S.K.: 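First, the structure itself, so that you have it in front of you.
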Protein chains: 2
Amino acid sequence: MPYHSAPLDLAFHALSDPTRRAVISRLAEGEASVSTLAAPFGMALPSFAQHLRVLEESGLIASEKRGRSRWCRLVPARFAEAADWMEAERRRAAERLDRLESYLAKTEEG
Amino acid sequence: MPYHSAPLDLAFHALSDPTRRAVISRLAEGEASVSTLAAPFGMALPSFAQHLRVLEESGLIASEKRGRSRWCRLVPARFAEAADWMEAERRRAAERLDRLESYLAKTEEG
DNA sequence: GCGATACTAAGTCAAATGCCTTATCATTCA
DNA sequence: TGAATGATAAGGCATTTGACTTAGTATCGC
């Protein structure tokens, strides 16, 4: 059984690699074929294809075969799940710090 | 040599595990000791401590020994780096879709 | 059809991950 | 002082990861 299985597990794992983040960045500009995506990386194509597979299994990207090329695109929904989790936690921590701060201010005042 | 080394690599890798995300969530409410953090997880303490080590090496949390307990807290700055990256990419993708949409609207109109 | 192009499948390998147990260190408190 | 507590060190083991090479499939253009 894989160590990562829940959507957020898969998404964050996919994002933990610089090659895969670069692919995400590229795809934010629009769809692209596998070889086009692979070109900037000094990596054998099968190795690169595995990164795409990780991204696709995470749901962050989707792909479709057209002729002999495979075209990849971002899937904003799954990306948003991960981003939303981060924003929610960030806010929770920030709000706690705000409460702490105002508590300290009140203590000093009193 | 570790596969993950850059700050974002380490941060996203740290977040790819549900135990570690739960720790982050807990710490968003305030600092806590190692055993307090470990309590909800049916896991040997050394195993749990390794998760904390991953989190600390990623810079997402910091810790300090007080007496025989170690107290952990969030480090918002590192967390923000990862969250900011996600927000930036999300916006880039959204803006592209906006451009695409207005292009299509103009085409239909013309 | 035939060669070139674009992937994909299959197998190898070193290293990392995640869990465990056992043993040890450090601090607190009776 | 000496036992209990909180954490850490050390080592083991199955699985996963990330890279490679070699070989195969499917499509396109001549």
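So that the names make sense, note that chain A is the first sequence line, chain B the second, and so on, each numbered from 1. Source: prediction; values computed, not measured.
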S.K.: How many Å lie between CG on B:L37 and C1' on D:dT8, as a whole number?
M.R.: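 Going from B:L37 (CG) to D:dT8 (C1'), I get 16 Å.
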
S.K.: Where the side chain of B:M43 is defined as all heavy atoms beyond and including C-beta, which of C:dT5, C:dC20, C:dT8 is the nearest nucleotide?
M.R.: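 Looking only at side-chain atoms, B:M43 lies closest to C:dC20.
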
S.K.: If you check every side-chain atom of B:H13, which of C:dT27, D:dT8, C:dG18 has the closest atom?
M.R.: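 Ranking C:dT27, D:dT8, C:dG18 by closest atom to the B:H13 side chain puts C:dG18 first.
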
S.K.: Does B:R20 use its side chain to pair, donor to acceptor, with the backbone of B:H51 at less than 3.5 Å?
M.R.: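 Checking the backbone N and O of B:H51 against the side chain of B:R20, no donor-acceptor pair under 3.5 Å is found.
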
S.K.: Side chain of B:A44 only, please: which of D:dC20, C:dT8, C:dT21 is the nearest?
M.R.: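 So the side chain of B:A44 is nearest to C:dT21.
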
S.K.: Figure out the CD/C1' separation between A:E64 and C:dA6, and round it to whole Å.
M.R.: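 Taking atom C1' of C:dA6 as the reference, CD of A:E64 is at 16 Å.
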
S.K.: Would the distance check show the side chain of B:E81 and the main-chain N or O of B:P7 forming a donor-acceptor pair, the cut-off being under 3.5 Å?
M.R.: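 No, B:E81 side chain to B:P7 backbone: no donor-acceptor pair under 3.5 Å.
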
S.K.: Check whether any side-chain N or O of B:S47 sits under 4.0 Å from OP1 or OP2 of C:dC20, and answer yes or no.
M.R.: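 Result: yes.
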
S.K.: Please report the distance, rounded to the nearest Å, between CZ in B:R53 and P in C:dT17.
M.R.: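 My rounded result for the distance is 10 Å.
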
S.K.: Any salt bridge between A:R92 and B:E29, counting N to O under 4.0 Å?
M.R.: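 Here A:R92 pairs with B:E29 in a salt bridge, since their nearest N and O are under 4.0 Å apart.
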
S.K.: May I have the distance from B:L52 (atom CG) to C:dC19 (atom P), rounded to whole angstrom?
M.R.: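 For the pair B:L52 CG and C:dC19 P, the rounded distance is 12 Å.
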
S.K.: For B:P46 and for B:V54, locate the closest nucleotide of DNA chain C by heavy-atom distance; then report the residue assigned to the nucleotide nearer the 5' terminus.
M.R.: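 Closer to the 5' end of DNA chain C: B:V54.
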
S.K.: What nucleotide, of D:dC20, D:dG18, C:dT5, holds the atom closest to the side chain of A:H51?
M.R.: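 So the nucleotide nearest the side chain must be D:dG18.
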
S.K.: Would you kindly give the CZ-to-C1' distance between A:R68 and C:dG3, to the nearest whole Å?
M.R.: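 Spelled out: CZ on A:R68 to C1' on C:dG3 is 11 Å.
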
S.K.: CG of A:L55 versus P of D:dT17: gap in Å, rounded?
M.R.: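 After rounding, the gap between these two atoms is 13 Å.
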
S.K.: Give the nucleotide from the list C:dT27, C:dC19, C:dT5 with an atom nearest to the side chain of B:Q50.
M.R.: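 Among the listed nucleotides, the one closest to the side chain of B:Q50 is C:dC19.
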
S.K.: To the nearest 0.5 Å, how far apart are CG in A:L10 and CG in A:L60?
M.R.: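 Interatomic distance, A:L10 CG to A:L60 CG, rounded to 0.5 Å: 9.0 Å.
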
S.K.: Report the distance from atom CZ of A:F48 to atom P of C:dA6, rounded to the nearest whole Å.
M.R.: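 Spelled out: CZ on A:F48 to P on C:dA6 is 14 Å.
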
S.K.: Looking at C:dT8, D:dC20, C:dC20, which one has an atom nearest to any side-chain atom of A:K65?
M.R.: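 My answer, after comparing the listed nucleotides, is C:dT8.
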
S.K.: Below the 4.0 Å mark, does C:dT8 have OP1 or OP2 next to a side-chain nitrogen or oxygen of A:R70?
M.R.: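 Yes, within the criterion.
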
S.K.: Can a salt bridge be assigned to the pair B:E87 and B:R91 using a cut-off of 4.0 Å between side-chain N and carboxylate O?
M.R.: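 Here B:E87 does not pair with B:R91 in a salt bridge, since their nearest N and O are not under 4.0 Å apart.
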
S.K.: Given atom CG of A:L45 and atom C1' of C:dA10, what is their separation to the nearest angstrom?
M.R.: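 Rounded to whole Å, this separation is 15 Å.
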
S.K.: Answer yes or no: does a side-chain N or O of A:R20 lie under 4.0 Å from OP1 or OP2 of D:dG18?
M.R.: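 Yes, because at least one side-chain N or O of A:R20 sits under 4.0 Å from OP1 or OP2 of D:dG18.
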
